[in-house]
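Inspection log for the structure reproduced underneath, given as structure tokens.
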Amino acid sequence: MLDLKLIREDPEGVLERLRRRDPTLSLDELLAQDKRRRELLVQVERLKQQRNRASDEIAELKRQGRDASAEIAQMQEVARRVRELDQELKACEADIERLLVVLPNLPHPSVPVSQRKEDKVLLREWGRKPELGFKPRNHVELGRALGILDFERAARIAGAQFPMHVGLGARLEWALLSLMIDMNVREHGYTLVLPPYLANPTSLFVAGNLPKFGDQLYRCESDDLYLIPTAEVSLANLHRGEILSESDLPLRYAAYSACFRREAGTYGAGERGLIRVHQFNKVELFKFTTAETSYDELDSMVQDAERILQRLGLHYRVMLLPSGDIAQQSAKTVDIEVWLPAQEAYYEVSSCSNCEDYQARGGNVRYRTEEGRIRFVHTLNGSGLATPRLMVAILESFQQEDGSVVVPPALRPYLGGVEAIR
RNA sequence: GGAAGGGUGGCUGAGAGGUCGAAAGCGCCCGACUCGAAAUCGGGUAGGCGGGCCAAAACCCGCCUCGUGGGUUCAAAUCCCACCCCUUCCGCCA
């Protein structure tokens with residue numbers, strides 16, 4: 001969530017930045033409630049002070065064995081008034097909380113201002129589109145023909161848009177995950193985490209998924225738990241409520257998890273097969289940093305994700321997202337998009353965000369500086385990477401005219417040396 | 001699922017209606033001793049909110065916080081209720 005003090009001190013500045021993301025946002029009610037809260041606080045605190053002093057006096061009188069009934073009678077009235085004001089204050093604070101949590105993070109100055117998601121900015125490209133010399137088959141056809149993807153039987157088990165990998169398809173998926181874990185742990189210095197796949201409501205509020213995006217989540221009602229849409233949820237809550245030491249930062253975690261998304265209302269034309277699914281595998285990168293280093297850490301996180309695509313030999317481009325298209329909790333987001341030959345389009349395979357102190361404030365994750373001051377950490381998250389579209393990219397980019405698919409050399413050690421799927 | 005015990009500062013742990021934001025120890029910081037260090041000795045060491053002053057920092061004052069939320073009381077870490085979590089044992093099951 002945003003810093004209420006900052007909103008109070010510079011409402012125009014905050015509102016201007018908020019409206020880069022959503023021109024309909026307003027702070028009027030929030031500011032009014034905040035003012036009211038502070039007025040109530042002053043009132044109720046004055047009464048409590050009176051009560052505390054009287055309590056000391058009553059205690060002293062009793063110790064001396066003297067009568068305190070006059071003072072006690074007087075305090076009964078004060079206590080009643082305190083209860084009333086406390087209730088009013090509580091309602092006011094609940095209103096503030098409700099208004100505050102729906103406000104998105106402030107975009108970083110480098111983020112292009114636009115409500116149109118097409119207005120993303122190309123930062124760089126790597127490689128080139130593969131020249132197959134024949135009309136590319138899409139991954140659904142390839143997967144079915146090779147017997148490595150089985151959506152029909154998966155639907156029998158769970159419904160549409162659930163993938164099922166079989167045989168070399170499953171092994172290829174596993175190989176991808178193994179490669180990503182190895183590179184991120186051994187070459188990029190992340191600590192591997194296997195987190196819970198279910199999370200409580202608090203965790204989803206901290207991560208930024210609730211309250212606004214609950215319709216995208218699978219919920220286990222009888223236990224009041226949610227299936228995580230990304231391991232970002234688990235990792236953002238890993239140090240919830242802690243005060244870390246500056247010397248421990250940055251903390252870099254890489255988590256493997258399955259991810260679950262309802263994708264309500266997103267049935268896109270042509271998004272068949274693995275392009276948009278309700279369940280997928282992902283290695284998620286997450287960092288806790290100081291304010292000073294978080295943007296350098298964002299750059300290096302994007303590069304960590306890019307190196308995996310480079311190792312696989314997949315053509316991609318890196319895009320800076322505009323203000324209207326970044327996630328609630330993010331101040332700046334960089335997407336990596338891989339080229340999918342049969343779709344003839346670039347598709348997101350990684351989304352790296354700096355959430356600055358937005359998640360940290362909600363989760364109360366702080367650190368003590370060398371000088372002893374306490375500040376909120378910055379949190380960053382990024383896919384490194386999600387597998388479904390990687391699988392699409394591999395099948396479609398490395399397909400041969402005879403319908404076989406050449407396995408990228410980097411994956412072969414994980415597949416017992418298999419060079420092609422046919 | 002059943003039973004018992006327990007959640008107190010960075011950590012261990014005492015406190016069982018008022019003098020308790022909280023003993024003691026450890027850790028950490030500062031100082032003394034020392035050429036320097038260790039040991040020793042002295043001092044300091046939780047967080048949040050609000051106000052004084054709004055431009056920050058420092059300082060001062062007040063309020064709140066002993067798992068969370070309610071209740072009793074003039075007054076709650078302490079008594080009552082509900083919930084959450086942890087530990088141990090039993091049962092069940094990968």
Side-chain angles (χ1 to χ4, degrees), chain A residues 1-14 30-97 99-100 194-206 220-226 234 237-249 251 288 291 357 360-377:
Chain A
M1 65 177 83
L2 292 179
D3 182 5
L4 186 54
K5 276 187 196 156
L6 179 68
I7 295 174
R8 185 189 303 152
E9 281 161 16
D10 182 20
E12 293 85 9
V14 170
L30 182 61
L31 288 167
Q33 291 289 352
D34 175 54
K35 186 156 178 286
R36 183 156 164 269
R37 169 175 173 265
R38 283 177 295 143
E39 288 165 0
L40 283 169
L41 252 188
V42 170
Q43 276 186 59
V44 75
E45 283 187 0
R46 194 176 299 142
L47 285 174
K48 283 180 177 175
Q49 180 179 7
Q50 196 183 331
R51 183 184 68 184
N52 290 343
R53 293 208 171 134
S55 276
D56 287 345
E57 284 165 25
I58 290 167
E60 182 58 32
L61 285 173
K62 294 225 166 181
R63 223 171 288 126
Q64 294 173 2
R66 292 162 60 191
D67 175 56
S69 50
E71 287 74 9
I72 287 175
Q74 207 180 347
M75 282 308 108
Q76 281 172 339
E77 171 59 21
V78 171
R80 218 201 69 243
R81 184 79 187 120
V82 164
R83 265 195 291 276
E84 281 173 15
L85 281 173
D86 260 341
Q87 250 174 18
E88 220 174 311
L89 187 64
K90 233 181 142 177
C92 182
E93 285 175 344
D95 283 337
I96 289 171
E97 173 83 2
L99 293 164
L100 195 55
L194 297 175
Y197 295 175
L198 294 167
N200 55 34
T202 302
S203 299
L204 286 137
F205 274 101
V206 168
C220 307
E221 195 168 355
S222 54
D223 297 288
D224 202 16
L225 291 168
Y226 295 83
S234 314
N237 285 276
L238 190 70
H239 291 294
R240 194 169 78 211
E242 295 183 29
I243 300 178
L244 306 166
S245 168
E246 180 167 11
S247 57
D248 294 335
L249 302 178
L251 287 167
F288 296 88
D357 61 7
R361 183 170 292 106
N364 207 20
V365 186
R366 296 171 291 174
Y367 69 101
R368 205 180 294 275
T369 65
E370 309 288 357
E371 308 83 53
R373 287 175 50 78
I374 289 177
R375 304 168 66 190
F376 288 110
V377 300

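Computation of the quantities below employed the complete heavy-atom set of this structure, encompassing side-chain atoms and omitting hydrogens, waters and symmetry-equivalent molecules. Treat the numbers as computed from the prediction; the structure is a model and nothing was measured.
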In whole angstrom, give the distance that lies between atom [atom1] of [X] and atom [atom2] of [N].
{"X": "K48(A)", "N": "A76(B)", "atom1": "NZ", "atom2": "C1'", "answer": "14 Å"}
{"X": "K5(A)", "N": "G51(B)", "atom1": "NZ", "atom2": "P", "answer": "9 Å"}
{"X": "L89(A)", "N": "G62(B)", "atom1": "CG", "atom2": "P", "answer": "20 Å"}
{"X": "R83(A)", "N": "G69(B)", "atom1": "CZ", "atom2": "P", "answer": "18 Å"}
{"X": "R361(A)", "N": "G47(B)", "atom1": "CZ", "atom2": "C1'", "answer": "16 Å"}
{"X": "R36(A)", "N": "C49(B)", "atom1": "CZ", "atom2": "C1'", "answer": "17 Å"}
{"X": "D86(A)", "N": "A76(B)", "atom1": "CG", "atom2": "P", "answer": "12 Å"}
{"X": "R368(A)", "N": "G27(B)", "atom1": "CZ", "atom2": "C1'", "answer": "13 Å"}

Regarding [X], tell me which of base, sugar-phosphate or nothing describes its non-hydrogen contacts under 4.0 Å with the strands shown.
{"X": "D56(A)", "result": "nothing"}
{"X": "E9(A)", "result": "sugar-phosphate"}
{"X": "I58(A)", "result": "base"}
{"X": "R8(A)", "result": "sugar-phosphate"}
{"X": "R46(A)", "result": "nothing"}
{"X": "A54(A)", "result": "nothing"}
{"X": "Q49(A)", "result": "sugar-phosphate"}

Any carboxylate oxygen within less than 4.0 angstrom of a Lys/Arg side-chain nitrogen, looking at [X] and [Y]?
{"X": "R81(A)", "Y": "E84(A)", "answer": "yes"}
{"X": "E45(A)", "Y": "K48(A)", "answer": "no"}
{"X": "K35(A)", "Y": "E39(A)", "answer": "yes"}

What is the base-pairing partner of [N], counting Watson-Crick and G-U wobble geometry with both distances under 3.5 Å?
{"N": "A37(B)", "result": "none"}
{"N": "C53(B)", "result": "none"}
{"N": "C83(B)", "result": "G67(B)"}
{"N": "G9(B)", "result": "none"}
{"N": "C28(B)", "result": "G44(B)"}
{"N": "A16(B)", "result": "none"}
{"N": "C92(B)", "result": "none"}

Practice problem: On RNA chain B, check which nucleotide each of E71(A) and I243(A) is closest to and give me the residue with the more 5' one. | Solution: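 Checking each residue's closest nucleotide, the 5'-ward one belongs to I243(A).
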
Exercise. Would you mind telling me which residue lines up with the more 5' stretch of RNA chain B, L4(A) or I374(A), judged by nearest nucleotide?
Key: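 Its nucleotide being nearer the 5' end, the pick is I374(A).
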
Self-check item: Any donor-acceptor N or O pair under 3.5 Å, side chains S203(A), N200(A)
Solution: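 Result is yes, a qualifying pair exists.
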
Self-check item: Distance (rounded to the nearest 0.5 Å) between I7(A) CD1 and L30(A) CG
Solution: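 If we round to the nearest 0.5 Å, I7(A):CD1 and L30(A):CG are 5.0 Å apart.
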
Suppose you measure atom [atom1] in [N] against the same atom in [M]; what distance do you get, rounded to whole Å?
{"N": "G25(B)", "M": "U88(B)", "atom1": "C1'", "value": "27 Å"}
{"N": "A23(B)", "M": "G18(B)", "atom1": "P", "value": "16 Å"}
{"N": "G71(B)", "M": "C64(B)", "atom1": "P", "value": "16 Å"}
{"N": "U68(B)", "M": "C85(B)", "atom1": "C1'", "value": "10 Å"}
{"N": "A76(B)", "M": "G67(B)", "atom1": "P", "value": "15 Å"}
{"N": "C84(B)", "M": "C93(B)", "atom1": "P", "value": "25 Å"}
{"N": "G50(B)", "M": "A58(B)", "atom1": "P", "value": "16 Å"}
{"N": "A82(B)", "M": "A14(B)", "atom1": "C1'", "value": "28 Å"}

Practice problem: Flag yes if more than 12 heavy atoms outside Q74(A) fall under 6.0 Å of its CD atom; otherwise flag no. | Solution: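 Counting neighbours around CD of Q74(A), 12 or fewer heavy atoms of other residues, nucleotides or ligands fall under 6.0 Å, so no.
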
Self-check item: Full working for side-chain contact (heavy atoms from CB on, under 4.5 Å) between E246(A) and R375(A)
Solution: CA-CA 10 Å; E246(A) 180 167 11; R375(A) 304 168 66 190; over 6 Å; no

Exercise. Ignoring backbone atoms, establish whether R53(A) has a side-chain N or O less than 4.0 Å from OP1 or OP2 of C63(B).
Key: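 No, R53(A) has no side-chain N/O under 4.0 Å of OP1/OP2 on C63(B).
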
Considering only [options], which nucleotide approaches the side chain of [X] most closely?
{"X": "L41(A)", "options": "G47(B), C49(B), C74(B)", "value": "C49(B)"}
{"X": "R373(A)", "options": "C74(B), C63(B), A57(B)", "value": "A57(B)"}
{"X": "N52(A)", "options": "G50(B), G47(B), C63(B)", "value": "C63(B)"}
{"X": "R38(A)", "options": "G50(B), A75(B), G10(B)", "value": "G50(B)"}
{"X": "E45(A)", "options": "C74(B), A57(B), C49(B)", "value": "C49(B)"}

Exercise. Any chance you could lay out the side-chain contact (heavy atoms from CB on, under 4.5 Å) test for L251(A) and L249(A), step after step, and finish with the verdict?
Key: CA-CA 5 Å; L251(A) 287 167; L249(A) 302 178; 4.3 Å; yes

